Amino acid sequence: MHFRLAQWYAQAARDLPWRREDCSAWGVMVSEIMLQQTPVVRVLPRWEEWMRRWPTPAATAAASAAEILTVWDRLGYPRRALRLQAAAQAIVERHGGEVPGTRQELLALPGVGEYTAAAVACFAFDQPEVVVDTNIRRVHARVFSGHALPGKTFTAQQRKLAHDVMPQTAHDDGELACTWNIAAMELGALICTARAPKCVECPVQDLCAWRAAGSPPATEEQQTRGQAWAGTDRQVRGAMMAVLRTGEPVQRSVLLETLPLPEAGMEQRVRCLDSLLRDGLAAEDKELVALPGVI
DNA sequence: AAGTCGGGGGC
DNA sequence: GCCCCAGACTT
């Protein structure tokens with residue numbers, strides 16, 4: 001299976017800037033943070049702009065929070081941007097400005113969890129890590145377990161499966177591990193997609209337990225049940241951040257009253273503004289509110 | 001283990 | 001309109 005996946009990846013992989021040979025470890029790390037819960041096509045322009053302005057951890061560490069949040073723009077989950085800057089500052093302080101190359105050191109950085117630590121260690125430093133993201137979980141669920149979708153939560157059982165199905169040789173060879181991981185991720189992104197998978201184009205279709213079982217639909221337990229959006233605090237916070245990203249400080253009362261969300265009550269608006277201030281995504285001075293660093 | 005945290009493009 | 005997207009963090 002490794003050989004077939006590798007062969008398929010060699011001819012089908014997208015040419016993404018953070019996969020190029022000359023991309024720095026920092027570039028890989030920035031991409032991994034941006035790609036958390038965010039599709040590649042939306043990350044591309046933000047990554048290019050970020051790397052153009054702040055090509056090193058030191059440059060990122062020195063920027064103002066307002067600049068960081070402005071360049072992040074509408075990528076979503078803006079707390080990721082602040083954590084990325086905090087990670088850059090930790091890299092400067094603890095690692096002399098160089099992105100650390102081990103899973104454990106990476107895990108200690110803000111915003112870096114199990115997936116991102118393994119991904120950066122593997123893709124940027126050729127460490128033989130077992131990488132498990134949403135694509136890989138889905139590919140494994142289908143090919144090896146015969147299920148349409150993995151469960152909602154990442155279980156110890158799935159972690160063991162991912163470890164066990166990685167080729168023996170890849171556990172000691174970083175480059176082999178890298179190919180195995182990235183190829184499985186790419187397969188999940190391009191062929192073995194959540195909806196309408198392109199099984200006829202799949203390089204391992206004849207090995208797939210799910211296909212062999214007749215591609216049974218997902219059980220109700222496996223349905224992901226999308227998070228609600230309309231009317232949530234997340235929507236209100238996002239609308240407030242969009243106002244703040246215009247750059248000018250605004251009167252607190254104006255920010256609270258002029259949101260394009262008539263259904264949002266004042267209690268909710270106040271709660272959301274307070275949470276943005278608490279998260280460091282906004283700052284206030286007397287009655288003015290702005291991105292942190294502007295005031 | 002469950003909730004929270006953005007935003008947009010595809011179907 | 002719903003669903004999903006290279007998750008992390010808190011409770």
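Everything numeric here is computed off the predicted structure, so don't read it as measured data.
Gly113(A) comes within 4.0 angstrom of the backbone, heavy atoms only, and of no base. Within the 4.0 angstrom heavy-atom criterion, no nucleotide atom of any strand lies near Gln235(A). Thr193(A) comes within contact range of no nucleotide atom at all, as no heavy-atom separation falls under 4.0 Å. Nucleic acid contact for Ile136(A): none, since no nucleic acid atom lies under 4.0 Å from a heavy atom of the residue. Looking at heavy-atom distances under 4.0 Å, Arg138(A) makes contact with sugar-phosphate atoms alone, never a base. Counting non-hydrogen atoms under 4.0 angstrom, Ala119(A) reaches nothing in the nucleic acid. Counting any heavy atom pair closer than 4.0 Å across all strands shown, Thr38(A) reaches a base atom.
In terms of polar N and O atoms assigned as donor or acceptor, the side chain of Arg42(A) never comes within less than 3.5 Å of the base of dG9(B) in a complementary pairing. The base of dG6(B) lies close enough to the side chain of Arg234(A) for a donor and an acceptor atom to sit less than 3.5 Å apart.
Between Lys152(A) atom NZ and dA8(C) atom C1' there is a gap of 19 Å when expressed in whole angstrom units.
Pair check for dG6(B) finds none; no Watson-Crick or G-U wobble contact set falls under 3.5 Å.
Nearest-nucleotide mapping onto DNA chain C: of Leu109(A) and Arg14(A), the residue sitting toward the 5' end is Arg14(A). Place Val41(A) and Thr232(A) on DNA chain B by their nearest nucleotides, and Thr232(A) ends up nearer the 5' end. In terms of position on DNA chain B, the residue among Ala196(A) and Leu281(A) whose nearest nucleotide sits closer to the 5' end is Leu281(A).
Contact annotation: Arg80(A) does not reach the phosphate of dG6(B) (side-chain N/O to OP1 or OP2, under 4.0 Å). Between Arg79(A) and dA8(C) there is no side-chain N or O to OP1 or OP2 distance below 4.0 Å.
Using a 3.5 Å distance cut-off with no hydrogens or angles, the side chains of Arg46(A) and Thr38(A) do not pair a donor with an acceptor.
DNA chain B lies under 4.0 Å from no heavy atom of any residue of residues 266-280 of chain A.
Under the side-chain hydrogen bond (donor to acceptor under 3.5 Å, both in side chains) criterion, Arg14(A) pairs with Glu186(A), sequence neighbours left out.
For the ring pair (Phe, Tyr, Trp, His ring centres under 6.0 Å) with Trp18(A), the qualifying choice from Phe123(A), Trp50(A), Trp47(A), Trp26(A) is Trp47(A), the only one to do so.
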